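Here the structure is laid out as C-alpha cells; the discussion comes afterwards.
First the proteins, then the strands, lettered A, B, ... as listed; each starts at 1. These numbers were taken from a predicted model, which means no experiment stands behind them.
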2 protein chains.
Amino acid sequence: MSEKVTIYDIAREAEVSVSTVSRILTGNAPVNPETKQKVEAVLKKYDFRPNRAARNLSNQRSTMIGVILPDITNPFFSTLFAEMQHYAIAKDYSLLLFNAMNSLELESEGLAYLSRHQVDGLIFLGGRVNEITPPAAYQQEIAEVSAKVPTIIVNGTMPDVDAVTVCTDEQSGIAQVVDYLTALGHTRIGLLGGSDHITVTRNRQHAFREEMARLDLGVNESWLITDGFSIESGEKVLEALLQLPEQPTAVIAINDLVALGILKSARRHHIDIPNQLSVVGFDDVYLAAVSTPELTSVSHNYESFGHTIVETIVNRIKGKDVPTSIMIDMQLVIRDSCQSPTVR
Amino acid sequence: MSEKVTIYDIAREAEVSVSTVSRILTGNAPVNPETKQKVEAVLKKYDFRPNRAARNLSNQRSTMIGVILPDITNPFFSTLFAEMQHYAIAKDYSLLLFNAMNSLELESEGLAYLSRHQVDGLIFLGGRVNEITPPAAYQQEIAEVSAKVPTIIVNGTMPDVDAVTVCTDEQSGIAQVVDYLTALGHTRIGLLGGSDHITVTRNRQHAFREEMARLDLGVNESWLITDGFSIESGEKVLEALLQLPEQPTAVIAINDLVALGILKSARRHHIDIPNQLSVVGFDDVYLAAVSTPELTSVSHNYESFGHTIVETIVNRIKGKDVPTSIMIDMQLVIRDSCQSPTVR
DNA sequence: CTGTTAGCGCGTTCAT
DNA sequence: ATGAACGCGCTAACAG
C-alpha cells in the first residue's frame, strides 16, 4: 500500500535535507520560497503522501476520533454519523466507528477497541450514556477513558465523568408538538414509547408534563405507556392504549420508529390516521417522509447537529475552551399525520 | 491517550530485554515459560497496550480495511456493514468506513482518504462498481488502487481490475421468486424499479427473463419499469404501471425500498395487497418485516455474507489463495404480501 | 532461549 | 533559512 517513497527520497532528489521537506509538509516553519518551489515540484512528481503511522508515532496522536453507538442500522444514528463523518474529514480527522449492536456489554469492547487505536477523541451516542442509573462498572469505564481522551456524550449524561455533552433541545421539541396539537384543538394527548430507565424517555415525559401544565391541561398518566424504541414497540403500545376505557385524540411517539409501529397497528385496527387519531413522531428520520400517512415529526437539524458535535470534539482535542454543555435546536416538521380532533 | 508505559518499561521491570517482551506480545518466537510468566505479570500489572502507530510503522501495515459504500443510511448497507465489522474485529482488523453519500465523485475522495490511511485492504460496495459502463477515469482509479492493495468488490464488477468479487446469487434469488409466484398461480408478472445503467438491475432482469422462459411464460416488457432504488421510486413505478392498459397480478421489486414505495402507492390507490396484487421485495432488510403487509422478500444471509467478505479480504491480505469470484446463496422469505391471483 | 541493535518514516530541537 | 541528529515505540535480524 505504501508508495515506497519517503521524505528521504524526495529530499535527495530536491537536494535539500529531510527537515526542509518536513517543514514544507507540515508548514510549521518558514522556508525559502525558492527551495519550497523546488521541493514541491518533486513532491507532486511522486504524488507523495506522508506515512501516517510514522507521523502518528512522531506526533503522538492518531487524528482519529472514535464513535460508539448502539445501532448503525437505526436511521437516526446512521444519518447523524454520515453528517459527522462529512465534517470530520473536512477537518482532517477520521471517524472510527464501533457499532455496539444494542448491547451495553459490547460497548465495553468498543471502548477497549478505540483505546487500542489511540483515538484522539471519543464520541459516545446512546447506550449506557442514556441509562438513568448506569451500572457503576460502566460508569467507571467511561470515567477512565474520558480522563485520558477528550470525550463528548451526545443526548445523554454520565455522572462524575469529565465529558462535554451535546444535546438536542427535546424540551422545546416536545413543547412545539404540544402547542401544535393544542392549537389544532387537542386536549387529550398521550405520549407513547420509550423505556423507563432511559433518560430521553424521562426528559421527554417531563417536558410533556410541563408544557401541558403550562397550558392548564391535564395529563392522563395511563396514556404514558412505555415499551421500547422500535417499530414493534410502537405496535404494542397502541395495542395497550386501545385496551383502555378512554383514549386520547392525539399521541406523541417517543421517536419515529415507534410512530411507524403505531401507524402499522392502527391500520390493522382500521383506525384512520389522522382522522380518528393524530400521531406525531420524533427525530424526523427519512422514513417519516415516506410513511403513510407522512409523519409529522420533530426534526433534529442533522447537518448542524453533526457539525456541532465534530466541531466541539476537535476543539477539545486542540485544547480550546468549549462549553461543557451544548444545546441544539429542534424543529417541528408538519406533514399529514395530524388534524383537528373530530367531534364524536 | 497513550498509557505512557512502553515495552522498555516492562522489560526493565521484568528484568528482561525488550525483544523478549516483544516476542511474548507477538507470539512469533519461543520464550521460556518461566520468564514468560514473569513478563506477563508485569504486562497485566500495567494493563499494557502496545502502541499501534509504532507497531504499524514497524510492520509496514495498518491492520485496517477500508470500506467504501454509497449510503450507510440504507439498511442493506448498514446491516451488512455491522456484520462485517463484527467479524473484522474478531479477526483483529478494523474497518474504516467511508460513506460516499450516493455520489460517484465522492467515491474518488474516499479512495484517496483510505489510501492516505494505508489500509491493508479495500472493500467496495455499490456505486461505481455497479455501473454497467463506468467512466474510464473511475475505472482507472480503482485499477490503480487495486494494484497496490487487495481489493474486493461486492455485488458488482469493474473491468480490467484485479479484484475479487463477492456476489449474492441474484439469479437463484429471482428464480425462487418466480417459482413461488407461479406456484401460487401467477403468470402475469412484472419487475419494477432499478436503473438501466446499473448492473444489478440488468442481472435481475436477465434472471427474470430466463426463469420465465424456462417455465414457458411470456414476459410483458412494458411491465419492466425502471426508475431508481428508493421508496419514492417505488411509488412512481407503480403509478406508471397503473397507466398501462393491462396489469400484472404480481410484481417483483428490485429491492425492498422500492417494494415499500409500491405498498405506499397502492394504499393511496386503494389497491389491496396481496388481494389485488402480489408484491415481492429483494434484500430482506429489517423494514420488510415491519411493513404492512409484511413483505415477502429474498434474503441475503447477512451474517454469512459479511463473514465471507471479511474472510476473503483477510485471506487476500495474508497472501493466501482465494477464488476470484465467490457466490453467496439467497433465500426466499415468505411473509404476507403475496397470494394466489383472484379471478377477476 | 535471550539480548543487542538497526531500522520503520517523520517531526523537531539544536546548531549553523 | 537550513541541516544533522535524535526520539517516537515496536519488530526482527543477528549474535550469543
Side-chain angles (χ1 to χ4, degrees), chain A residues 1-40 42-43 46-64 92 115-120 148 318, chain B residues 1-40 42-43 46-64 92 115-120 148 318:
Chain A
M1 183 69 234
S2 44
E3 16 274 25
K4 312 255 59 170
V5 35
T6 75
I7 55 172
Y8 284 92
D9 298 319
I10 55 157
R12 190 181 323 116
E13 181 151 343
E15 298 174 309
V16 296
S17 74
V18 290
S19 28
T20 302
V21 179
S22 179
R23 283 191 256 268
I24 292 176
L25 253 22
T26 62
N28 284 338
V31 171
N32 184 304
E34 292 177 24
T35 68
K36 184 168 181 174
Q37 298 291 328
K38 193 171 52 176
V39 173
E40 282 179 338
V42 184
L43 243 28
Y46 288 101
D47 187 33
F48 178 78
R49 312 278 174 206
N51 180 300
R52 237 188 122 72
R55 189 169 257 192
N56 289 344
L57 181 57
S58 183
N59 284 332
Q60 302 281 51
R61 62 196 193 118
S62 64
T63 63
M64 287 203 295
D92 275 318
S115 241
R116 258 181 277 136
H117 279 269
Q118 281 140 299
V119 293
D120 296 335
K148 300 181 195 164
K318 294 187 174 169
Chain B
M1 181 70 231
S2 45
E3 16 274 23
K4 313 255 57 172
V5 35
T6 76
I7 56 172
Y8 284 91
D9 298 319
I10 25 191
R12 190 182 323 116
E13 181 151 344
E15 299 174 309
V16 295
S17 74
V18 290
S19 38
T20 301
V21 179
S22 178
R23 283 191 258 267
I24 292 175
L25 254 22
T26 63
N28 285 338
V31 171
N32 183 304
E34 292 176 25
T35 67
K36 183 169 182 175
Q37 298 291 327
K38 193 173 53 178
V39 173
E40 283 179 335
V42 184
L43 244 27
Y46 289 100
D47 187 33
F48 178 78
R49 312 276 175 208
N51 181 300
R52 234 187 124 74
R55 190 171 255 190
N56 290 343
L57 180 57
S58 183
N59 283 331
Q60 303 280 50
R61 61 196 193 121
S62 64
T63 62
M64 288 203 294
D92 276 318
S115 239
R116 257 182 276 136
H117 278 271
Q118 282 139 298
V119 293
D120 296 335
K148 301 180 193 163
K318 294 187 174 169

Spacing of [X] atom [atom1] relative to [N] atom [atom2], expressed in whole Å:
| X | N | atom1 | atom2 | value |
| --- | --- | --- | --- | --- |
| A:Asp9 | C:dC8 | CG | P | 11 Å |
| A:Gln37 | D:dT2 | CD | P | 12 Å |
| B:Ile10 | D:dG9 | CD1 | C1' | 11 Å |
| A:Arg61 | D:dG7 | CZ | P | 22 Å |

Please report the shortest heavy-atom distance between B:Asn32 and B:Thr35, naming the atom on each side.
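Minimum heavy-atom contact is O-OG1, 2.9 Å.
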
Taking the nucleotide of DNA chain C with the nearest heavy atom to each, does A:Leu57 or B:Glu15 sit closer to the 5' end?
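The residue closer to the strand's 5' end, by nearest nucleotide, is B:Glu15.
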
Between [Y] and [X], is there a side-chain heavy-atom distance shorter than 4.5 Å?
| X | Y | answer |
| --- | --- | --- |
| A:Ile10 | A:Val5 | yes |
| A:Val21 | A:Tyr8 | no |
| A:Ser19 | A:Arg23 | yes |

Does D:dG9 have its OP1 or OP2 closer than 4.0 Å to a side-chain nitrogen or oxygen of A:Gln60?
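A:Gln60 to D:dG9 OP1/OP2: side-chain N or O found under 4.0 Å.
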
Hey, what do you get for CG (B:Asp120) to CG (B:Asn59), rounding to the nearest 0.5 Å?
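Answer for the CG-CG pair, B:Asp120 versus B:Asn59, is 9.5 Å.
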
Sugar-phosphate atoms are those with a prime plus P, OP1 and OP2; base atoms are the rest. Using that split, label each nucleotide of nucleotides 10-16 of chain C B, S or - for protein heavy atoms under 4.0 Å, 5' to 3'.
BBB----

Quiz question: by atom type and distance under 3.5 Å, do the side chains of B:Thr26 and B:Arg55 form a donor-acceptor pair?
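Result is no, nothing qualifies.
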
